[in-house]
Protein chains: 2
Amino acid sequence: MAENNSNFMSGVPELLVLRLVREKEMYGYELVQAIRERSNDAIALGEGVIYPVLHALERDGALSSNRKTVNGRSRVYYSLTATGVRRLDDLAGNWSRLTEAIQSVLGGPAIGGVSHA
Amino acid sequence: MAENNSNFMSGVPELLVLRLVREKEMYGYELVQAIRERSNDAIALGEGVIYPVLHALERDGALSSNRKTVNGRSRVYYSLTATGVRRLDDLAGNWSRLTEAIQSVLGGPAIGGVSHA
DNA sequence: CATCATACCTTGCCGTGAAAGGTATGGCAA
DNA sequence: TTGCCATACCTTTCACGGCAAGGTATGATG
(Lines give C-alpha, C1' and ligand atoms only; values in the text may rest on other atoms or scores of the structure.)
Protein backbone atom coordinates (compact mmCIF):
# COMPACT_ATOMS: atom_id res chain seq x y z
CA MET A 1 0.00 0.00 0.00
CA ALA A 2 2.13 2.75 -1.31
CA GLU A 3 -0.37 5.49 -0.87
CA ASN A 4 -2.90 5.66 1.88
CA ASN A 5 -6.14 7.41 1.15
CA SER A 6 -5.30 10.49 3.10
CA ASN A 7 -7.82 13.24 3.20
CA PHE A 8 -10.54 10.69 2.86
CA MET A 9 -13.40 13.18 2.78
CA SER A 10 -12.19 15.56 0.15
CA GLY A 11 -12.74 15.89 -3.53
CA VAL A 12 -16.51 16.09 -3.52
CA PRO A 13 -16.73 19.45 -5.30
CA GLU A 14 -14.41 18.01 -7.90
CA LEU A 15 -16.56 14.93 -8.22
CA LEU A 16 -19.72 16.94 -8.72
CA VAL A 17 -18.15 19.20 -11.30
CA LEU A 18 -16.78 16.29 -13.30
CA ARG A 19 -20.07 14.48 -13.18
CA LEU A 20 -22.07 17.45 -14.41
CA VAL A 21 -19.64 18.35 -17.15
CA ARG A 22 -19.78 14.81 -18.38
CA GLU A 23 -23.32 15.35 -19.60
CA LYS A 24 -22.62 18.52 -21.50
CA GLU A 25 -20.04 21.26 -21.55
CA MET A 26 -20.78 23.85 -18.91
CA TYR A 27 -19.35 27.10 -17.58
CA GLY A 28 -18.51 28.03 -14.00
CA TYR A 29 -21.42 30.22 -13.14
CA GLU A 30 -23.75 27.61 -14.58
CA LEU A 31 -22.17 24.86 -12.50
CA VAL A 32 -22.67 26.80 -9.29
CA GLN A 33 -26.38 26.97 -9.95
CA ALA A 34 -26.70 23.47 -11.34
CA ILE A 35 -25.25 22.00 -8.17
CA ARG A 36 -27.67 23.97 -6.06
CA GLU A 37 -30.63 22.95 -8.12
CA ARG A 38 -29.77 19.31 -8.62
CA SER A 39 -29.21 18.89 -4.90
CA ASN A 40 -32.38 20.74 -3.94
CA ASP A 41 -30.37 23.43 -2.19
CA ALA A 42 -28.71 20.87 0.06
CA ILE A 43 -25.34 21.71 -1.43
CA ALA A 44 -24.49 25.28 -2.24
CA LEU A 45 -20.93 25.63 -3.42
CA GLY A 46 -19.84 29.20 -4.07
CA GLU A 47 -17.81 30.48 -6.96
CA GLY A 48 -14.80 30.61 -4.70
CA VAL A 49 -14.96 26.84 -4.63
CA ILE A 50 -15.88 26.11 -8.22
CA TYR A 51 -13.43 28.28 -10.13
CA PRO A 52 -10.32 27.02 -8.38
CA VAL A 53 -11.53 23.46 -8.90
CA LEU A 54 -12.10 24.17 -12.59
CA HIS A 55 -8.63 25.63 -12.99
CA ALA A 56 -6.96 22.78 -11.15
CA LEU A 57 -8.85 20.25 -13.22
CA GLU A 58 -7.85 21.93 -16.44
CA ARG A 59 -4.25 22.16 -15.29
CA ASP A 60 -4.35 18.42 -14.73
CA GLY A 61 -5.79 17.80 -18.14
CA ALA A 62 -9.10 16.50 -16.83
CA LEU A 63 -11.02 19.33 -18.43
CA SER A 64 -10.55 21.39 -21.54
CA SER A 65 -11.95 24.88 -21.95
CA ASN A 66 -13.07 26.98 -24.81
CA ARG A 67 -14.27 30.52 -24.64
CA LYS A 68 -17.52 31.46 -26.26
CA THR A 69 -19.48 34.63 -26.46
CA VAL A 70 -23.22 34.32 -26.05
CA ASN A 71 -25.41 37.39 -26.09
CA GLY A 72 -22.35 39.52 -25.76
CA ARG A 73 -21.45 37.56 -22.62
CA SER A 74 -18.14 35.82 -22.46
CA ARG A 75 -18.26 32.33 -21.05
CA VAL A 76 -15.62 29.68 -20.51
CA TYR A 77 -17.11 26.31 -21.32
CA TYR A 78 -15.48 23.22 -19.91
CA SER A 79 -15.73 19.73 -21.24
CA LEU A 80 -14.46 16.38 -20.06
CA THR A 81 -11.30 14.86 -21.50
CA ALA A 82 -10.38 11.18 -21.49
CA THR A 83 -8.26 11.87 -18.44
CA GLY A 84 -11.25 13.54 -16.86
CA VAL A 85 -13.40 10.49 -17.43
CA ARG A 86 -10.86 8.36 -15.62
CA ARG A 87 -10.62 10.88 -12.83
CA LEU A 88 -14.38 10.89 -12.51
CA ASP A 89 -14.60 7.11 -12.34
CA ASP A 90 -11.87 7.14 -9.77
CA LEU A 91 -13.49 9.72 -7.54
CA ALA A 92 -16.91 8.15 -7.89
CA GLY A 93 -15.49 4.81 -6.87
CA ASN A 94 -13.79 6.31 -3.86
CA TRP A 95 -16.92 8.08 -2.81
CA SER A 96 -18.97 4.96 -3.19
CA ARG A 97 -16.55 2.90 -1.12
CA LEU A 98 -16.36 5.57 1.52
CA THR A 99 -20.08 5.88 1.97
CA GLU A 100 -20.46 2.13 2.09
CA ALA A 101 -17.77 1.94 4.74
CA ILE A 102 -19.42 4.60 6.83
CA GLN A 103 -22.74 2.94 6.35
CA SER A 104 -21.34 -0.33 7.59
CA VAL A 105 -20.19 1.38 10.74
CA LEU A 106 -23.43 3.25 11.22
CA GLY A 107 -25.47 0.19 10.44
CA GLY A 108 -24.59 -1.54 13.65
CA PRO A 109 -22.70 -4.75 14.41
CA ALA A 110 -20.93 -6.26 11.43
CA ILE A 111 -23.16 -7.79 8.81
CA GLY A 112 -21.49 -11.13 9.09
CA GLY A 113 -21.05 -10.23 12.72
CA VAL A 114 -19.73 -12.55 15.39
CA SER A 115 -22.30 -12.70 18.13
CA HIS A 116 -20.34 -13.70 21.19
CA ALA A 117 -23.03 -15.27 23.30
CA MET B 1 -19.95 29.72 15.25
CA ALA B 2 -20.72 26.51 16.95
CA GLU B 3 -23.59 25.38 14.81
CA ASN B 4 -22.24 26.58 11.54
CA ASN B 5 -23.62 24.83 8.55
CA SER B 6 -20.54 25.49 6.51
CA ASN B 7 -17.84 22.94 6.09
CA PHE B 8 -20.45 20.58 4.82
CA MET B 9 -18.18 17.56 4.66
CA SER B 10 -16.87 17.51 8.17
CA GLY B 11 -17.82 15.74 11.34
CA VAL B 12 -17.55 12.18 10.11
CA PRO B 13 -15.00 11.06 12.70
CA GLU B 14 -17.30 12.52 15.32
CA LEU B 15 -20.25 10.71 13.85
CA LEU B 16 -18.47 7.37 13.84
CA VAL B 17 -17.27 7.76 17.40
CA LEU B 18 -20.71 8.66 18.69
CA ARG B 19 -22.31 5.81 16.85
CA LEU B 20 -19.90 3.22 18.20
CA VAL B 21 -20.03 4.49 21.75
CA ARG B 22 -23.77 4.30 21.62
CA GLU B 23 -23.63 0.53 21.65
CA LYS B 24 -21.32 0.24 24.58
CA GLU B 25 -18.78 2.32 26.40
CA MET B 26 -15.43 2.27 24.69
CA TYR B 27 -11.96 3.73 25.05
CA GLY B 28 -9.87 5.62 22.52
CA TYR B 29 -7.49 2.95 21.45
CA GLU B 30 -10.38 0.57 21.05
CA LEU B 31 -12.28 3.03 18.89
CA VAL B 32 -9.36 3.43 16.53
CA GLN B 33 -9.36 -0.29 15.89
CA ALA B 34 -13.11 -0.69 15.85
CA ILE B 35 -13.43 1.89 13.08
CA ARG B 36 -10.81 0.12 11.05
CA GLU B 37 -12.42 -3.25 11.49
CA ARG B 38 -16.02 -2.24 11.04
CA SER B 39 -15.17 -0.42 7.83
CA ASN B 40 -13.04 -3.27 6.49
CA ASP B 41 -9.95 -1.08 6.53
CA ALA B 42 -11.61 1.49 4.30
CA ILE B 43 -11.40 4.07 7.05
CA ALA B 44 -8.32 4.26 9.21
CA LEU B 45 -8.47 7.16 11.61
CA GLY B 46 -5.36 7.62 13.72
CA GLU B 47 -5.17 8.39 17.39
CA GLY B 48 -4.32 11.96 16.51
CA VAL B 49 -7.83 12.25 15.15
CA ILE B 50 -9.73 10.23 17.72
CA TYR B 51 -8.41 11.65 20.97
CA PRO B 52 -9.06 15.28 20.12
CA VAL B 53 -12.55 14.33 18.99
CA LEU B 54 -13.14 12.49 22.24
CA HIS B 55 -11.99 15.45 24.30
CA ALA B 56 -14.07 17.91 22.34
CA LEU B 57 -17.12 15.71 22.66
CA GLU B 58 -16.65 15.40 26.39
CA ARG B 59 -16.12 19.13 26.72
CA ASP B 60 -19.45 19.61 24.97
CA GLY B 61 -21.17 17.17 27.26
CA ALA B 62 -21.87 14.64 24.53
CA LEU B 63 -19.71 12.03 26.18
CA SER B 64 -18.86 11.21 29.76
CA SER B 65 -15.69 9.42 30.76
CA ASN B 66 -14.65 7.17 33.56
CA ARG B 67 -11.24 5.74 34.12
CA LYS B 68 -10.82 2.05 34.73
CA THR B 69 -7.83 -0.18 35.21
CA VAL B 70 -7.93 -3.50 33.41
CA ASN B 71 -4.96 -5.88 33.62
CA GLY B 72 -2.91 -3.11 35.09
CA ARG B 73 -3.77 -1.02 32.08
CA SER B 74 -5.41 2.32 32.56
CA ARG B 75 -8.23 3.02 30.18
CA VAL B 76 -10.59 5.95 29.79
CA TYR B 77 -14.01 4.64 28.88
CA TYR B 78 -16.47 6.95 27.19
CA SER B 79 -20.21 6.64 27.14
CA LEU B 80 -22.98 8.56 25.46
CA THR B 81 -24.97 11.19 27.33
CA ALA B 82 -28.43 12.44 26.43
CA THR B 83 -26.78 15.38 24.73
CA GLY B 84 -24.62 12.93 22.84
CA VAL B 85 -27.63 11.05 21.58
CA ARG B 86 -29.07 14.24 20.19
CA ARG B 87 -25.76 15.14 18.65
CA LEU B 88 -25.57 11.73 17.05
CA ASP B 89 -29.04 11.97 15.58
CA ASP B 90 -28.20 15.38 14.29
CA LEU B 91 -24.98 14.34 12.61
CA ALA B 92 -26.50 11.18 11.22
CA GLY B 93 -29.32 13.21 9.71
CA ASN B 94 -26.91 15.66 8.15
CA TRP B 95 -24.84 12.88 6.73
CA SER B 96 -27.85 11.16 5.32
CA ARG B 97 -29.13 14.30 3.68
CA LEU B 98 -25.72 15.09 2.30
CA THR B 99 -25.20 11.71 0.71
CA GLU B 100 -28.66 11.77 -0.77
CA ALA B 101 -28.00 15.19 -2.23
CA ILE B 102 -24.73 14.06 -3.75
CA GLN B 103 -26.40 10.95 -5.03
CA SER B 104 -29.07 13.00 -6.71
CA VAL B 105 -26.39 14.95 -8.53
CA LEU B 106 -24.41 11.87 -9.45
CA GLY B 107 -27.51 9.99 -10.46
CA GLY B 108 -28.13 12.14 -13.49
CA PRO B 109 -31.01 14.46 -14.38
CA ALA B 110 -33.43 15.11 -11.58
CA ILE B 111 -35.50 12.17 -10.39
CA GLY B 112 -38.74 14.03 -10.73
CA GLY B 113 -37.13 15.69 -13.68
CA VAL B 114 -38.91 18.34 -15.66
CA SER B 115 -39.21 17.14 -19.18
CA HIS B 116 -39.81 20.33 -21.05
CA ALA B 117 -42.12 18.98 -23.69
C1' DC C 1 -27.86 56.78 -15.05
C1' DA C 2 -28.00 53.54 -11.48
C1' DT C 3 -28.61 49.06 -10.16
C1' DC C 4 -29.08 44.28 -10.81
C1' DA C 5 -27.89 39.85 -12.91
C1' DT C 6 -24.47 37.55 -15.35
C1' DA C 7 -19.78 35.97 -15.59
C1' DC C 8 -15.15 35.72 -14.46
C1' DC C 9 -11.33 35.58 -10.95
C1' DT C 10 -8.18 35.95 -6.57
C1' DT C 11 -6.81 36.60 -1.84
C1' DG C 12 -6.80 35.23 2.75
C1' DC C 13 -8.68 32.90 6.68
C1' DC C 14 -9.74 28.86 9.37
C1' DG C 15 -11.22 24.31 10.59
C1' DT C 16 -10.14 19.69 10.13
C1' DG C 17 -7.80 15.75 9.55
C1' DA C 18 -3.18 13.49 9.69
C1' DA C 19 1.63 12.70 10.75
C1' DA C 20 4.74 12.52 14.06
C1' DG C 21 6.45 12.60 18.34
C1' DG C 22 6.20 11.93 23.49
C1' DT C 23 5.09 9.21 28.00
C1' DA C 24 4.22 5.00 30.45
C1' DT C 25 3.52 0.03 31.41
C1' DG C 26 2.82 -4.92 30.60
C1' DG C 27 4.18 -9.06 28.11
C1' DC C 28 7.32 -11.77 25.67
C1' DA C 29 11.46 -13.32 23.64
C1' DA C 30 16.50 -13.39 23.21
C1' DT D 1 18.40 -8.77 32.17
C1' DT D 2 17.60 -6.26 28.42
C1' DG D 3 15.19 -4.90 24.66
C1' DC D 4 11.30 -4.64 21.84
C1' DC D 5 6.52 -4.76 20.70
C1' DA D 6 1.71 -3.91 21.83
C1' DT D 7 -1.32 -1.37 24.56
C1' DA D 8 -2.95 3.09 26.03
C1' DC D 9 -2.91 7.82 26.60
C1' DC D 10 -1.90 12.59 24.80
C1' DT D 11 -0.05 16.92 22.21
C1' DT D 12 2.09 19.71 18.78
C1' DT D 13 2.58 20.81 14.17
C1' DC D 14 1.37 21.10 9.45
C1' DA D 15 -1.09 21.04 4.98
C1' DC D 16 -4.88 21.51 2.46
C1' DG D 17 -9.47 22.24 1.09
C1' DG D 18 -13.60 24.82 1.41
C1' DC D 19 -15.45 29.36 1.94
C1' DA D 20 -16.37 34.25 2.56
C1' DA D 21 -15.31 38.32 0.73
C1' DG D 22 -13.80 41.25 -2.42
C1' DG D 23 -12.62 42.79 -7.18
C1' DT D 24 -13.45 43.49 -12.47
C1' DA D 25 -16.42 43.87 -16.42
C1' DT D 26 -20.66 44.04 -19.29
C1' DG D 27 -25.51 43.61 -20.67
C1' DA D 28 -30.26 44.39 -19.37
C1' DT D 29 -33.83 47.03 -16.95
C1' DG D 30 -36.19 50.68 -14.90
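We name chains A, B, ... by the order of the sequence lines, and we start the count at 1 in each one. As the structure is a prediction and not an experimental result, all values here were calculated from the model.
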Protein-nucleotide distance (A/Leu16, atom CG; D/dG18, atom P), rounded to Å: 10 Å
Dump every N/O contact between nucleotides 8-10 of chain D and the protein below 3.5 Å, one line per pair.
| unit_1 | atom_1 | unit_2 | atom_2 | d |
| --- | --- | --- | --- | --- |
| D/dA8 | OP1 | B/Arg75 | NE | 2.5 |
| D/dA8 | OP1 | B/Arg75 | NH2 | 2.4 |
| D/dA8 | OP2 | B/Tyr27 | OH | 2.8 |
| D/dC9 | OP1 | B/Val76 | N | 2.7 |
| D/dC9 | OP2 | B/Gly28 | N | 3.3 |
| D/dC9 | OP2 | B/Tyr29 | N | 2.8 |
| D/dC9 | OP2 | B/Tyr51 | OH | 3.0 |
| D/dC9 | O5' | B/Tyr51 | OH | 3.4 |
| D/dC9 | N4 | B/Glu47 | OE1 | 2.7 |
| D/dC10 | OP2 | B/His55 | NE2 | 3.1 |

Inter- and intrachain pairs under salt bridge (Lys or Arg N to Asp or Glu O under 4.0 Å), touching residues 82-92 of chain B, at least two apart: B/Glu14-B/Arg87, B/Arg22-B/Asp89, B/Asp60-B/Arg87
Side-chain polar contacts of residues 48-55 of chain A - donor-acceptor pairs under 3.5 angstrom, sequence neighbours left out - could you list them?
| unit_1 | atom_1 | unit_2 | atom_2 | d |
| --- | --- | --- | --- | --- |
| A/Tyr51 | OH | A/Tyr29 | N | 3.4 |
| A/His55 | ND1 | A/Tyr51 | O | 3.3 |

Separation of atom CG in A/Leu15 from atom P in D/dG17, rounded to whole Å: 15 Å
Pairs where residues 24-36 of chain A contributes a residue and the test salt bridge (Lys or Arg N to Asp or Glu O under 4.0 Å) is met, not counting sequence neighbours: A/Lys24-A/Glu30, A/Glu25-A/Lys68, A/Arg36-A/Asp41
B/Gly72 vs B/Val12, nearer the 5' end of DNA chain C by closest nucleotide: B/Val12
Value in whole Å for how far the P atom of D/dG17 lies from CG of A/Asp60: 11 Å
Spacing between B/Asn71 atom CG and C/dC28 atom C1', to the nearest angstrom: 15 Å
Of all pairs that satisfy salt bridge (Lys or Arg N to Asp or Glu O under 4.0 Å), the ones with a partner from residues 44-57 of chain B, not counting sequence neighbours: none
B/Leu45 CG to C/dA18 P, straight-line distance once rounded to whole Å: 6 Å
For atom CD1 of B/Ile35 and atom P of C/dG17, their distance in whole Å: 11 Å
Pairs satisfying ring pair (Phe, Tyr, Trp, His ring centres under 6.0 Å), at least one member in residues 66-85 of chain A, at least two apart: A/Tyr27-A/Tyr77
Closest non-hydrogen atom pair between B/Arg38 and A/Ser104, with its separation: O-OG, 2.8 Å
Atom pair distance, as rounded to whole Å: CD1 in A/Ile43 and C1' in D/dG17: 16 Å
